[in-house]
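So you know, we letter chains A, B, ... as the sequences are listed, proteins then strands, and number each from 1.
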Protein chains: 2
Amino acid sequence: MKRKATITDVAKAAGVSKGLVSFALNDRPGVSPETRDRILGVARDLDYRPSVSARSLSTSTSYAVGLVIARDPEIISADPFFPSFIAGVERVLLTEGRTLVLSVVGDDDHEATVYRTLAAGQRVDGVFLTDLRRDDPRIPMLQELGLPAVTLGHPGTGQMGTGGPGAGDPGTGQPGAGEANPFPSVSLDDTPGTVAAVRHLLDLGHRRIAHVIGPHAMLHASRRRAAFEATLRDAGLEPDPALVVETDFTAAQGAAATTALLERADPPTAIVFGNDPMAIAGLGVAHERGLTVPGDLSITGFDDSELARYVYPSLTSVRTDPLRWGEAAARTLLRLVADGHAADVDLDPAHLVVRTSTGPVRA
Amino acid sequence: MKRKATITDVAKAAGVSKGLVSFALNDRPGVSPETRDRILGVARDLDYRPSVSARSLSTSTSYAVGLVIARDPEIISADPFFPSFIAGVERVLLTEGRTLVLSVVGDDDHEATVYRTLAAGQRVDGVFLTDLRRDDPRIPMLQELGLPAVTLGHPGTGQMGTGGPGAGDPGTGQPGAGEANPFPSVSLDDTPGTVAAVRHLLDLGHRRIAHVIGPHAMLHASRRRAAFEATLRDAGLEPDPALVVETDFTAAQGAAATTALLERADPPTAIVFGNDPMAIAGLGVAHERGLTVPGDLSITGFDDSELARYVYPSLTSVRTDPLRWGEAAARTLLRLVADGHAADVDLDPAHLVVRTSTGPVRA
DNA sequence: GAGGGTCACTGAACCGGTATAGCTTCGTAC
DNA sequence: GTACGAAGCTATACCGGTTCAGTGACCCTC
């Protein structure tokens with residue numbers, strides 16, 4: 001293994017100053033075409049690659065972006081959202097020569113430390129802010145740190161985009177309409193998907209519909225809950241709080257929630273789950289108890305993971321396209337870092353994919 | 001947002017030279033206890049954090065390790081192995097102040113480029129080598145690049161550890177026993193798990209057992225196949241090549257393979273799947289065709305993901321503990337980077353977790 | 001009380017890039 | 001024929017750490 005070529009080596013070999021090599025490589029004006037070609041040729045011959053740390057040091061740029069995931073390892077592995085999202089992010093970063101610095105922290109305490117470390121150590125130029133929480137403390141913190149960020153969804157209204165057509169969403173409102181999002185957001189409005197799922201069940205005749213949601217602290221959970229309840233009210237039904245169960249998104253809690261719901265004196269005839277793993281676990285519990293799906297119980301998932309299509313019965317789910325979400329978020333973050341600003345992006349809203357886990361309520 | 005404090009600020013504030021500050025912070029001898037305390041105090045007051053790029057530049061160390069995943073985004077999101085593995089890696093890195101640089105590349109062409117870029121740009125100090133392939137070209141490449149690496153499993157014999165007790169493994173042998181692994185390996189012998197799965201099915205009376213495996217090019221696929229076939233032979237059965245189906249690890253191909261197997265004139269009575277998503281998809285196909293599991297068909301998975309416990313019927317699977325694997329791999333890689341060498345690690349071998357997707361063959 | 005050794009500390013070089021002021025050289029305008 | 005401007009290039013400072021040779025001060029020893 002021979003020593004790596006530095007910019008000085010290239011300069012010497014090309015018979016110019018290293019400043020000029022820098023100019024040529026970053027194609028800036030002030031270099032004659034012939035010299036530029038010669039320099040580029042020499043660089044190629046020497047297999048020269050600029051040192052990222054040296055470049056970072058002089059430009060105060062790290063050429064990397066960060067993703068901090070504050071969820072239990074268990075949950076991450078079960079929920080296909082993040083892997084897909086990351087894949088989308090990578091797809092963009094790769095073409096731009098940036099890298100992704102990933103941090104998985106179990107609990108929230110460490111989370112703040114991680115952001116501080118990333119920011120202070122100049123490890124990353126910007127970060128993605130996922131799983132937004134109510135009055136998310138990370139937003140002022142990142143502002144104070146001066147670390148650019150892109151939020152997944154609007155902090156004010158969860159992932160609400162420009163407003164789901166006709167969704168209403170009277171539950172969440174704009175809490176503190178004054179506090180605008182200081183960061184660009186990339187949103188995929190999941191309200192229409194939730195609404196469609198509930199309407200679909202209503203159309204099938206269901207009246208006792210349960211909702212198994214994610215952690216209350218996460219904005220999208222409360223937003224989806226609001227959409228869920230608003231849709232019921234639109235149909236003239238009063239939502240029953242006892243039919244809303246909060247979980248941590250794991251299959252284990254999805255199963256437990258299903259069991260609890262089915263053991264009630266007046267069990268629901270349909271359950272809307274907050275993600276696919278929980279829905280699949282719910283499917284298992286139903287079978288276990290001798291219920292048929294969708295005969296005795298209809299079930300819907302969320303995110304439309306690959307497996308949804310292949311379980312039995314195939315799972316009606318809400319498609320959110322995390323891959324595209326990751327791509328859009330990455331593009332927005334890179335633009336923000338480069339230009340100092342970037343426009344909000346609204347992706348195609350989530351929509352319902354009807355399969356065979358939902359059916360008419362038993363007469 | 002005020003400017004970040006540099007080592008020079010600390011030095012000035014403490015009234016010493018910056019060299020001494022560096023010594024104090026990296027607690028090296030040659031600093032009096034009082035001075036050290038004073039410096040550390042000042043550093044804390046100023047909320048000083050060393051710049052990673054500056055440090056990287058002078059030490060030629062990036063304080064980051066890399067993981068390159070060369071699988072389709074689709075597959076990664078379906079297969080819980082990598083998320084868990086990454087979570088394990090993170091758990092260790094976090095305590096050591098290192099970060100993980102992740103790269104997801106769809107196809108193998110880009111893979112080489114990514115390694116070269118990571119190495120040449122001094123982006124990472126070392127990498128994890130996953131999904132080892134037969135005569136893996138990445139090994140000589142990394143050697144040539146001088147980039148430290150840790151392999152998941154032995155390149156010679158797949159993930160074989162010190163040899164599963166009594167497993168025999170006459171199929172794989174040591175191909176080219178001369179080519180030792182230049183890198184330390186962290187292995188989790190999955191042969192005992194495979195053997196146990198097949199034995200379990202044989203004990204239940206199954207004779208026509210199919211095997212749905214991962215890509216042939218990946219070492220663990222061929223190793224598991226060998227273990228599978230050896231176990232059949234031990235029982236006096238001749239393996240039927242038609243009952244071995246190669247897939248890309250996606251649920252889609254798992255479903256397709258199951259369909260193909262069940263449409264044969266002499267369908268298998270049990271199927272051993274290479275991962276859980278495929279097994280779950282297989283479960284779905286069986287149900288779809290009106291078969292009961294395990295009455296008409298027994299099914300086993302691999303990796304024992306969280307969902308395995310919650311599908312119906314609950315999935316008999318082989319537990320491999322990717323989380324612990326990640327932790328061990330990270331520790332080994334850090335040691336390798338720090339000391340220049342590290343010992344191979346053999347984790348507890350995979351073992352079978354029997355649930356309800358396997359049962360006696362129908363009389 | 002001079003020589004030797006240790007300890008605490010300083011100052012400057014260095015890592016490999018980028019940024020910029022300044023120096024040639026040449027062409028053109030008046 | 002001199003002045004001026006621009007193009008092309010060089011030299012050097014700088015980013016923020018680490019490393020190491022060197023400098024005093026102090027103690028010990030004979």
message: Rounded to whole Å, please give me the gap between CZ in A:Arg38 and C1' in D:dG8.
response: 12 Å

Atom-to-atom span, CG of B:Asp9 to C1' of D:dG16 - whole angstrom: 10 Å

- request: Return the value, rounded to whole Å, for the distance between atom NZ of A:Lys12 and atom C1' of D:dT10.
  value: 15 Å

- request: Decide yes or no, distance alone: a donor-acceptor N/O pair under 3.5 angstrom between the base of C:dG11 and the side-chain of B:Lys18.
  value: no

task: Starting from C1' on C:dG17, measure out to CZ on A:Arg49 and report it in whole angstrom.
output: 17 Å

message: Which label fits B:Phe82 and B:Phe85: parallel for a plane angle under 30°, tilted from 30 to 60°, or perpendicular past 60°?
response: perpendicular

task: Measure the distance from CG on A:Leu20 to P on C:dT18 and round it to the nearest whole Å.
output: 12 Å

message: Applying a 4.0 Å non-hydrogen cut-off, can you work out what A:Ser53 is touching in the nucleic acid: base, sugar-phosphate, or nothing?
response: nothing

query: For the side chain of A:Ser51, counting heavy atoms from C-beta on, which of C:dT10, C:dG17, C:dC9 is nearest?
result: C:dG17

- prompt: Contact class for A:Val52 vs. all strands (heavy atom < 4.0 Å): base, sugar-phosphate, or nothing?
  reply: nothing

- prompt: Rounded to whole angstroms, how far apart are CG on B:Leu57 and C1' on C:dC14?
  reply: 9 Å

query: Can a salt bridge be assigned to the pair A:Arg116 and A:Glu144 using a cut-off of 4.0 Å between side-chain N and carboxylate O?
result: yes

task: Starting at atom OH of B:Tyr63, determine the distance to atom P of D:dG16, rounded to an integer number of angstrom.
output: 17 Å

field: B:Arg36 atom CZ, neighbour heavy-atom count above 12 within 6.0 Å
entry: yes

message: Distance check needed: D:dG16 C1' versus B:Leu46 CG, whole Å only.
response: 15 Å

